[in-house]
Number of protein chains: 2
Amino acid sequence: MSSSRRGHRERLVYETAQQLRRAGVTGTGLRRVVSDAGAPRGSLQHYFPGGKDQLVGEALQWSGTWAAARVMHHVDRMRRPTPSRLFAAIVDEWAADLDARDFSRGCPVAASVIDCADTNDTVRRAADAALETWRRPITEALVEMGRPRRRAERLSTLMLCALEGALVVARARRDTTPLGLVARELAPVLDA
Amino acid sequence: MSSSRRGHRERLVYETAQQLRRAGVTGTGLRRVVSDAGAPRGSLQHYFPGGKDQLVGEALQWSGTWAAARVMHHVDRMRRPTPSRLFAAIVDEWAADLDARDFSRGCPVAASVIDCADTNDTVRRAADAALETWRRPITEALVEMGRPRRRAERLSTLMLCALEGALVVARARRDTTPLGLVARELAPVLDA
DNA sequence: GCCGGACTATGACAGATGTCATACTAGCGG
DNA sequence: CCGCTAGTATGACATCTGTCATAGTCCGGC
């Protein structure tokens, strides 16, 4: 039936994204993805004839649009939006996720870049695209807040850099304070 | 002879660190490490009875002390040291490395954290330790420049977060500008 | 009723992984 | 010369990987 069809396909994409967050690309086994997704193994071959690359690519794309949606959600929720508040909202959500999942999951995009930047250009491109998908709504929000477009581009990049790095350091330490730290320290730069 | 002994052992550690930078922990195969290091396969078993975990652990430790040495080198070279100049020096060196190696290699510590934070606590701890080894000389330099210790701790963490994140973004884009960007944008915060 | 397409099931494949057991070589001290 | 130890060599092990071939099931349309 078409409901389980869509169910299985997107379950696989979602579960792949989660595995990427846990163990990176190389550490993500398709058999485990299938079993954790509760999907039949045959669905892999059926929905993703492009193999693992296609699956990982779609997982990254999904992650990018999901992150973008979260950004827009935060923007909508803020009564008096400022760049630093937007950044704080994004960072806080990640910190809560790290806490809730005991630092087991990071950013799927970062994981893919680190694993594949030199070994798999298809995946690298997908990660790059996901990053841009994520960054765009941030840039737009900053423009909305009165920053010149050129400046907004720089600031959104700065935010993502600081966030990605803080995620790595936080997971290494098993301590979310680096996330709060970058949010706090970047505030004056973002709001200047 | 004892020269080749030391030679083989540290060659293996070094080569492992390089592979970590390329492909992460899971993507680093011991057979390839051995062959790229030009070392006999039997040496693995001989020098690293603890297996892959030990090898990766020592590679991370080596990377940490190497990075720390680079920091101290930069500090020594600066006539009128400021936090932002130190950060710029560190960042520039990474940017040059990315360029020279065509974005093929990132930070071994970040790679290990992302691959193993949830799957291998031994490696995660080694990565955490390496990060601290790296951060310490930065903190000390900042103290030397007149920052209160508490503040220096925060700033050194901020630097590493921004750097690690910029490395990921730069490798995704195959473009080093994010590195220069974080250096430039963080300057006022660092020097305040 | 039955044909055709979408989906699933399962097993096999070649290759790579980390680890271990075993045997070998060299060199040094007795 | 013998024995000991550090280092090397090599092959085998079980396990896991992604991929593919094949056959099966289900269901709507003719």
Side-chain angles (χ1 to χ4, degrees), chain A residues 1-13 15-20 22-60 111-112 115-116 118-124 126, chain B residues 1-20 22-60 111-112 115-116 118-123 126:
Chain A
M1 58 187 94
S2 89
S3 84
S4 86
R5 163 192 188 163
R6 241 190 209 140
H8 283 160
R9 195 188 198 285
E10 68 184 26
R11 247 186 249 253
L12 285 169
V13 172
E15 187 58 35
T16 301
Q18 300 309 313
Q19 292 290 331
L20 290 180
R22 272 190 7 113
V25 176
T26 326
T28 292
L30 296 190
R31 284 163 173 87
R32 165 139 188 202
V33 167
V34 152
S35 96
D36 283 18
R41 223 181 84 201
S43 295
L44 264 189
Q45 178 168 187
H46 188 70
Y47 293 115
F48 307 94
K52 191 180 187 180
D53 281 7
Q54 182 187 352
L55 184 59
V56 169
E58 294 202 26
L60 289 172
S112 303
D115 275 8
C116 297
D118 187 52
T119 57
N120 189 332
D121 203 57
T122 306
V123 169
R124 193 221 99 226
Chain B
M1 61 186 93
S2 87
S3 86
S4 85
R5 162 193 188 162
R6 239 191 210 141
H8 284 159
R9 195 188 199 285
E10 69 184 26
R11 246 184 248 254
L12 285 169
V13 172
Y14 172 82
E15 187 57 35
T16 300
Q18 300 308 315
Q19 293 290 331
L20 291 181
R22 272 190 7 113
V25 177
T26 327
T28 293
L30 262 24
R31 284 164 173 85
R32 165 140 188 202
V33 167
V34 152
S35 95
D36 283 18
R41 224 182 83 198
S43 294
L44 265 189
Q45 179 167 186
H46 189 70
Y47 292 116
F48 307 95
K52 192 179 187 180
D53 281 7
Q54 181 186 353
L55 184 58
V56 169
E58 294 201 25
L60 288 173
S112 304
D115 276 8
C116 298
D118 187 52
T119 56
N120 189 332
D121 202 57
T122 307
V123 169

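To find a chain, count down the sequence lines: A is the first, B the second, and so on, and within it residues start at 1. Note that the structure is predicted; figures quoted are calculated from it, not measured.
Following rounding to the nearest Å, B/H46 (NE2) and D/dT5 (C1') show an atom-to-atom distance of 9 Å. Rounding to whole angstrom units, CZ of residue B/R11 and P of D/dG7 are separated by 15 Å. For the pair B/L44 CG and C/dC20 P, the interatomic distance rounds to 12 Å; values are reported in whole Å. Rounded to whole Å, atom P of C/dC20 lies 12 Å from atom CG of B/L30. Nucleotide D/dA9 holds its C1' atom 10 Å from the CD atom of B/Q45, rounded to whole Å. The distance from atom CZ of A/R31 to atom C1' of D/dG18 is 7 Å, rounded to the nearest whole Å. C/dC20 atom C1' lies 17 Å from atom CZ of B/F48, rounded to whole Å. Atoms CG (A/D53) and C1' (D/dT19) sit 12 Å apart, rounded to a whole Å.
Using a 4.5 Å cut-off on side-chain heavy atoms (C-beta onward), A/R9 and A/S43 make no contact. Taking the side chain as every heavy atom from C-beta outward, B/Y47 and B/V13 never approach each other to under 4.5 Å.
In the interface, the side chain of B/R41 is paired with the base of D/dG11 through a donor and an acceptor atom under 3.5 Å apart.
Residue A/Q19 is tested with A/T28, A/V25, A/L30 for a side-chain contact (heavy atoms from CB on, under 4.5 Å); the sole match is A/T28.
In this structure, the side chain of B/T26 does not engage the main chain of A/T26 through any donor-acceptor pair within 3.5 Å.
Listed candidates were D/dG18, C/dT8, D/dT8. Nearest to the side chain of B/H8 is D/dT8.
Looking at heavy-atom distances under 4.0 Å, B/T26 makes no contact with the nucleic acid at all.
Look at A/S43 and you'll find a side-chain N or O under 4.0 angstrom from OP1 or OP2 of C/dT8.
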